[in-house]
Amino acid sequence: MFNSYPLTPSTEPNAFEFTTEGGSQYYLYFRNISHAFNGLPVFDFGFLHISEGQLIEDDRISHTICEEADKWLAKNHGVLLYIPMDDEVPMKVRTRKFDQWYGRLFPLFVCNSPSKNRVILKYAEFEIPVTVLYKASDAELAESILGSEEELFNYALSTLSF
Amino acid sequence: MKTKVLNVTKEQFEKIQKIMDEKKALNQRIKAAKLAKAN
């Protein structure tokens, strides 16, 4: 079972807050970004430490965040994207941390076989790591967003020059 | 876990960057509102 903190709904839609035992406050949200994906049900999932002072980390923070993602997937049709913030903490560090949480807590998920893919979006010399979360019944939707292995292979072939 | 490298078009990349910019702005707005409330 998750050992999560209780959530308080925020004034913003689809957003919540929680306070840790150490007094740190967190903000957690789900944001519809279907406009960027031709109207497909794609949502941005984010969380941030909003209180002043040093963050005192504990395991319940990851439990709370991952449980909400699990609940969201169970209730909704769509794909969740975790796009890390690009600030003083490198994106790859944030992504790695989220992956560790997700992997550790995976046995606790109640959602119907949640799946995950790490995608590196690459354009020229720029790269953005994105974690894609979805349930088994939305695998086809995830594939339509990410592109199938076959499509990627064909794309790779098309870029070769002889 | 699978990791894919997805080569995207400039337009697709710019869309994701726009989402990231919106996310950064949202985070700043939330933090500022929280500080204003605390003070």
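Values reported hereafter were calculated over all heavy atoms of this structure, with side chains retained and with hydrogens, waters and symmetry mates removed. Quick note on labels: first sequence line is chain A, next is B, and so on, each numbered from 1.
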[X] [atom1] to [Y] [atom2] distance, which is reported to the nearest 0.5 Å:
X	Y	atom1	atom2	answer
A:L121	B:I16	CG	CD1	5.5 Å
A:M85	B:L26	CE	CG	9.0 Å
A:L48	B:K23	CG	NZ	9.5 Å

With a 4.5 angstrom heavy-atom cut-off, is it the side chain or the backbone of [X] that approaches chain B, or both, or neither?
X	answer
A:P129	neither
A:I83	both
A:Y102	neither

**Request:** Answer yes or no: is there a donor N or O on one side and an acceptor on the other, between the side chain of B:K31 and the main chain of A:E52, under 3.5 Å?
**Result:** no

**Message:** Counting heavy-atom pairs closer than 4.5 Å to chain A, which one of B:T9, B:N27, B:L35, B:D21 comes out on top?
**Reply:** B:N27

Run the side-chain donor-acceptor check on residues 20-27 of chain A: report pairs under 3.5 Å with partners two or more places apart or on a different chain.
residue : atom : partner : partner atom : Å
A:T20   : OG1  : A:G22   : N            : 3.3
A:T20   : OG1  : A:G23   : N            : 3.3
A:T20   : OG1  : A:S24   : N            : 3.0
A:T20   : OG1  : A:S24   : O            : 3.4
A:E21   : OE2  : A:R60   : NH1          : 2.9

**Asked** Does any heavy atom of chain A fall under 4.5 Å from the side chain of B:K24, the backbone, both, or neither of them?
**Response** both

What pairs of donor and acceptor atoms, side-chain ones from residues 73-81 of chain A against any protein atom, are under 3.5 angstrom apart with sequence neighbours left out?
residue : atom : partner : partner atom : Å
A:N76   : ND2  : A:W72   : O            : 2.9
A:H77   : ND1  : A:D138  : OD1          : 2.6

**Prompt:** Any chance CD of A:E127 has more than 12 other-residue heavy atoms, nucleotides or ligands included, within less than 6.0 Å?
**Reply:** yes

**Prompt:** Closest approach of B:V8 and A:Y123, non-hydrogen atoms and distance?
**Reply:** O-CD1, 3.5 Å

